[in-house]
Amino acid sequence: MPKIGLSTGTKWDGILQTRDDCRFVIPKSYKAGMLVDALIFASPKLIEYACHDLSLDQTANVAMLPGILRHSLAMPDVHQGYGFPIGGVAAMDTEDGVVSPGGVGFDINCGVRLLMSSLPVQEVRPKLRQLVDALFEAVPAGTGSTGPIKLNHTELDSILRSGSQWALEHNWATEDDIEHTEERGQMKQPDPAQVSERAKKRGNSQLGTLGSGNHFLEIQYVDEIFERPTADSFGLFEGQVCFMIHCGSRGLGHQVCTDFLSTMGPLMASYQITLPDRELACCPISSPEGARYLSAMAAAANFAFANRQLITFWTRQVMSRLFGEQGRLKLLYDVAHNMAKMEKHRVNGQQKEVLVHRKGATRAFPPGRSELGGAFLISGQPVIIPGDMGRASYVLVGTEQAMEETFGSVCHGAGRLMSRTRARKQRKASDIMAELEAAGIIAKATTRDGLTEEAPAAYKPIDEVVAAVYNAGIGRRVARLRPLGVIKG
DNA sequence: ATGTTC
């Protein structure tokens, strides 16, 4: 079997077949225990990147999980994560398959939304510094940051049950926001009783906060439209100022993941599950523990939807103060990047319900899928792909090809190229800030590390990641956005 | 990602 050019020093030394320009395969014969092939979407350059960490080993390991259907999938932004790679997709048979907290990730329902203004970039630039300062003031950011809302137990449970719907009841959201959020901002079958007291304690002061790491609030403008009719139907136009919010379920979701990893790990032997990596802790979907995790995950996901909705509200308040009626913001869409969901897919010629784990991957449904309401039923689902703070972000749209190959999924971002430690050592925060300013981008972060670890050079080139997606036909480009200002944790 | 080692 052909091996592709693996330079010395790469960590991956296994079998990797090149199927075409954007598809690479690790056959199940590679390693005992693999139940299906691993299929990686990439380019010759991006697959090289994936060979430099544990991405491919992890993608092969996921192919060993009981009940996995079709392929263990990796997106072009893949990089190593906890057990599963980030940029991984795995769909499980609901009868004999497993659910794995590591297949969702620590930040349950980490996700991203795009708010559209009606303002052209030239009208915002004169007030850009003021806008960045006001947003930095209005949106709590950073590790352990807390917000102005203190929730009692009853209210927190209400958020865990209702997500964005709770925000609507308190006038933090509009009906239009709900219609433009995946799952209408309310995952089905949440159970607050499955969320530990410790998780609730961590979450009860963190609603409406950004957090740290790769989370951000960015001011952007539409730089290029690739598909005009779709852009028109989404409400996107050249020069338009937009706001991208990227964050998740904060300490609450993190604790839910931690709790269930320690619950499931010791139980695997009793379910006769043997896997090569303890980070792949899992239980059958049909087991009590599997069901409990899914209902706790749904509750944490609802917290994340409400969290992004509150940050939306703070952003609208600032825009209204600075631009009045002109500063109105409409939500294009809100997508989850870290989630396991029950969905109907065609497998081996028949429609069946499967559990799709997406970890650092975005649902990308085509026109006609019943989950999509209103205009998206005709256009297909908007897919929002953040890049890095210096280059670009994208809006894509879902395709039928994705349903056939990736259970309706695409990448979730650029994907890290270097570790946080390496990124920190490589550049000074003041240099990155100066470079961004020279490019007309104003960045404001709570810590210097927040900037160095998230420097553009720490990420893969988003243009190439997105090119791999549309070359494979699993998503189409609608618009590219450029950064103007960024708030970091 | 994360009260960045209960």
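All chains are named by letter (A, B, ...) in the order of the sequence lines, taking the proteins before the strands, and each is independently numbered beginning at 1. No experiment lies behind these values; they were computed from the predicted model shown.
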Check your understanding: What's the CG-C1' distance between A:Asn338 and B:dT2, to the nearest Å?
Key -> 13 Å
Point to revise | Atom-pair distance (CD on A:Glu279; P on B:dT2), nearest Å | key: 18 Å
Revision key, fill the gap. Note: contacts of residues 194-210 of chain A with DNA chain B (heavy atom, under 4.0 Å) are A:Arg198, A:Arg202, A:Gln206
Exercise for review: Using side chain to side chain contact (heavy atoms under 4.5 Å, CB included) as the criterion, point out the one residue from A:Leu280, A:Leu65, A:Val98 that pairs with A:Ile273.
Suggested key: A:Val98
Review point. By salt bridge (charged side-chain N to carboxylate O under 4.0 Å, His left out), which residues pair with A:Glu218, not counting sequence neighbours?
Key: none
Practice item. Would you indicate whether A:Lys150, at its atom NZ, is surrounded by more than 12 heavy atoms from other residues, nucleotides or ligands within a distance under 6.0 Å? Key: yes
Review point. Looking at B:dT4, does its base get a donor-acceptor pair with the side chain of A:Thr143 below 3.5 Å?
Key: yes
Revision key, fill the gap. Whole-Å distance, A:Leu261 CG to B:dC6 C1', equals 16 Å
Point to revise | Value in whole Å for how far the C1' atom of B:dT4 lies from CD of A:Glu454 | key: 14 Å
Review point. Atom CZ of A:Phe260 and atom C1' of B:dT2: how far apart are they, to the nearest Å?
Key: 18 Å
Review point. With sequence neighbours left out, what residues match A:Ser162 under side chain to side chain contact (heavy atoms under 4.5 Å, CB included)?
Key: A:Ser158, A:Gln165, A:Trp166, A:Gln186
Practice item. Scan residues 276-301 of chain A for pairs that pass ring pair (Phe, Tyr, Trp, His ring centres under 6.0 Å), counting only residues two or more places apart or in two chains. Key: A:Phe260-A:Tyr293
Exercise for review: Report the residues that fulfil salt bridge (charged side-chain N to carboxylate O under 4.0 Å, His left out) with A:Arg23, sequence neighbours left out, ordered by chain and then residue number.
Suggested key: A:Asp20, A:Glu405
Review point. For residues 248-255 of chain A, which residues have at least one heavy atom under 4.0 Å from DNA chain B?
Key: A:Arg250, A:Gly251, A:His254
Exercise for review: Examine B:dT4: is either OP1 or OP2 under 4.0 Å from a nitrogen or oxygen in the side chain of A:Ser212? Give yes or no.
Suggested key: no
Review point. Is A:Ser72 reaching over with its side chain to a backbone N or O of A:Thr59, donor-acceptor style, under 3.5 angstrom?
Key: yes
Review point. Is it true that A:Phe376 and A:His180 have ring centroids separated by less than 6.0 Å?
Key: yes
